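Residue numbering restarts at 1 for every chain, and letters A, B, ... go by the order of the sequence lines. Remember, predicted model here, so these are calculated numbers, not experimental data.
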Amino acid sequence: MASVTLENLQKTYPNGFKAIHGVDVDIQDGEFLVLVGPSGCGKSTLLRMIAGLETITDGSLSIGGKAVNDLEPSKRDIAMVFQNYALYPHMTVYNNMAYGLKIMGLSKDEIDQRVKNAASILELTDEQLSRKPRQLSGGQRQRVAMGRAIVRKPSVFLFDEPLSNLDAKLRVQMRVEIKQLQESLGITSVYVTHDQVEAMTLGHRLMVLNAGNVEQLGTPLELYEKPASLFVAGFIGSPAMNILDATVAEDGKSVVIGTDTVLPVGANGVEGFDGKPVKLGIRPEHLEITPGAEGALPLTVTLVEHLGADTLLHGHFGNDKTDLTLRQSGTHLAKAGEVLPITITPNHIHLFDPETEKRIDF
Amino acid sequence: MIENRPLLKIFSHIILILGVIMVAFPLWVTFVASTHDATRMTELPLPLLPGSHFFENLDRVLFVGLYGGDASGMGYMLLNSTIMALMIAIGKIIISLLSAFAIVYFRFPFRMFFFWMIFLTLMLPVEVRILPTFEVVANLGMLDTYWGLTVPLIASATATFMFRQVFLTIPDEMLEAARIDGAGPLRFFKDILLPMSRTNIAALFVILFIYGWNQYLWPLLVTTDQSMYTVVMQIGNMLEAGEEAPQWHLIMMITLLAIIPPVLVVVAMQKLFVQGLTETEK
Amino acid sequence: MLKRVHFEPSLLPYLLVAPQIIVTIIFFIWPASQALFQSMLVEDAFGLKTEFVWFQNFEELFADPHYWGSFQRTFIFSFLVAGLSMSIALLLATMADRVIKGSGIYRTLLIWPYAVAPAAAGALFFFLFNPTLGFIPYTLQFFGYDWNHKINGDEAMALIIFAAAWKQIAYNFLFFLAGLQSIPKSLIEAAAIDGAGPSRRFWTIIFPLLSPTTFFLLVVNVVYAFFETFGIVDAMTAGGPANSTQILVYKVYNDGFVGLDLGGSAAQSAVLMAIVVALTVFQFRFVEKKVEY
């Protein structure tokens, strides 16, 4: 059990490419931190730096209060689960799990006890333990990869997109298992994924990375309710947040969409943007169909998607061609071409500075 | 089959059978010759069906010697050939495995320089640098030794490239997982890399054994002591001698002995052989 | 080219490459540079004095009609070996691709000559074509043809071509068969639906799709005929009669070891090296192209 501290961690490749621009985070003992972002954002690099598979260019990394910058991976008291599992194809499942322990120099009994214990946690049978990895299904291989991590009894678990090779149904199942396992073992975990649903459901905290920079660090709900930037707003939540062009009124008390839709902003208005253009964000579930409401915006429906529990309506406001998505719970029998009156709930809007793309608090 | 044309199928079989006969005919004639006695082998037309002197001829060639009293048979040449083929095959595999491992899994100064140096050997078959190589071996006092017979043929770019290719297809995560498991370079090599490449090693072994066994020019040059002769080089000597005293039944028996071991290897390990052949060409 | 992760730099990688590098330097690079150096030396008749003569050996070499003759013979030999062996192999591979039953057996029965040493292949054909006893000359007599490769240079050349091509059929067959089997069946089926018969399908669909394999094999066969047929020549004809089968590799050996013309032999080695380099580069560029397919 240990905390992991990253201080101004940086990575520059020999060719000059700067992959990580300086990350600070204090991962608590027992915390589940998810690194999330689009491919190429540096999340895997960061994880591999913690693992010791990539060198650290600058900054410091400590695990359990001990600086580990220059330690070999095996000396960092970590275990890692790889995207393609990286099981040794020529060894049985048992030996895959036991290999690291043998190198540690543990006794045969100790190794056997640890492997058997991990196998029972992961519900791997004795018969499966004697098989080769290629004779197992995807889900079973995934379990073996986790087993290999568990037997090491590490202070930190590192997961590198461990579920991305599984089919959708299995992915949900394994996601739940990983969550339960982490909670019951209480081991500090760092988990990399590009799937925001995975990130939201697994993490105590999420770190959103973009082009080697930390966009935001916070709990799933913080990210959802107060995205720190346009990037986070667009990345967290599915379907993505709608973004519209708007202007702050001269008095700063309201924002104007188009020419005549005026929405009040908070109790005190917004400071410093009087009369300036802003980006206005509104989540699909915060657009309401309000027949007969005053000042409703006319949404021309272009496409209707029925998801069963929800209905997604795609469309645009009048001549504004910005595509919008509206989520309506239950079934809504709208048709393409129909025009629906839409109301935006003012206390659910988000404002962003179009220059810096940062959130404007109000 | 796209369409069912029995005639076409029969035609294909006929062509194939003719091909097999054409390919096998020279060997058949040789085999038949090795089963007759000296007298029969001077009468025209030569036989096309086996006779009854096979074991007699075999015994003579292996244990008695060709011209009676001159030597003690040539069984030892089979042994020499086997030793040479094994030394070349195993030696090549070992040094190629090691250098490919270094080149793929380490970053070190002069890595590319070494890589190109090995690449050069691809371009220098022994036939084109024969004289100076001979001089080097002579100066090192390696004439008439197994080392002189094999070491100069051991450096091989082909095998190094093949292992490099094999290592490159092994996922990076194998090394990463091994490092997290605490395996150092040599341990990784022994526990992960070698077992994962074992069919490639076996396939290459088949090809290299044949290569080694079939060496002709090099043994011809570096051996002067009869006890170091190999079977294949002996064929040349025998054909020359055959001009004066044609003992075709014995000469063909020697040829047969030179042919059969590598052919058996190919036939018995056909799958590995095909794999090795296609892999070394990548 | 390189793994994402490496082991820490240490002395170890140097130790690992050392055996190969040492062997390469002692038995490849040093002798090859010796050959290049010697190609610019002339030794007097008693081997007492050597003189550095720059490119004189090369000039003499290229002025020597015997050398050009050998060059010409080597080219004829190489292309006939490649052509003969590849056409037979392609025919057999096409047939083997067609039959489903027994194609494995045919393969086994056709690939074994690969394992036969060139010198041994020479012995097989030497016996088969022996002018006094051999089966083929005996048969040819009935057609009024008198075969004697010991006198007739063309026949001697034909003989080494037969032996060299015979041995190479196995290799070509395997690669052609693999090439044929990698052609998607759907393409052939589409052509059949378009109404193309077997032979039309072969020439318009299969053969063009096989062209990378064919081209690759052509290079490999030429390299084989150039450098790996020493044993065949030495065992069967020793370059004779009257040098009619003296191909380049044989001439290097003959001039160097028998004629003891060190400078001339070394100059020939240098020329051969240039040819190998050219062929290898050619082959590599082609392999790169093949990747694009």
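The ring-ring contact (aromatic ring centres under 6.0 Å, His included) contacts involving residues 111-133 of chain A comprise nothing, where partners must be two or more places apart or lie in separate chains.
Of all heavy-atom pairs between B:Ile180 and A:Met80, the closest is CD1-CB, 3.3 Å.
With sequence neighbours excluded, the residues forming a ring-ring contact (aromatic ring centres under 6.0 Å, His included) with B:Phe189 are B:Phe101, listed by chain and number. Residues meeting the side chain to side chain donor-acceptor pair (under 3.5 Å) test with B:Ser99, sequence neighbours left out: C:Gln20.
Within 6.0 Å of CZ in B:Phe110 there are 12 or fewer heavy atoms belonging to other residues, nucleotides or ligands.
Using a 4.5 Å cut-off between heavy atoms, A:Met104 does not touch chain B at all. Heavy atoms closer than 4.5 Å to chain B are found in both the backbone and the side chain of A:Ile78.
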Kindly provide each donor-acceptor pair between chain B and chain A shorter than 3.5 Å, listing atom names and distance.
from, atom 1, to, atom 2, distance (Å)
B:Glu173, OE1, A:Asn84, ND2, 3.3
B:Glu176, OE1, A:Arg48, NH1, 2.9
B:Glu176, OE2, A:Arg48, NH1, 2.7
B:Glu176, OE2, A:Arg48, NH2, 2.7
B:Ala177, O, A:Tyr88, OH, 3.4
B:Ala178, N, A:Tyr88, OH, 3.2
B:Arg179, NH2, A:Glu72, OE2, 3.0
B:Ile180, O, A:Arg152, NH1, 3.2
B:Ile180, O, A:Arg152, NH2, 2.9
B:Asp181, OD1, A:Arg152, NH1, 3.4
B:Asp181, OD2, A:Tyr88, OH, 2.9
B:Asp191, O, A:His90, NE2, 2.7
B:Asp191, OD2, A:Tyr99, OH, 2.8

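Your options are A:Ala51, A:Ala79, A:Gly52, A:Pro89, and the one with the most heavy-atom pairs under 4.5 Å with chain B is A:Pro89.
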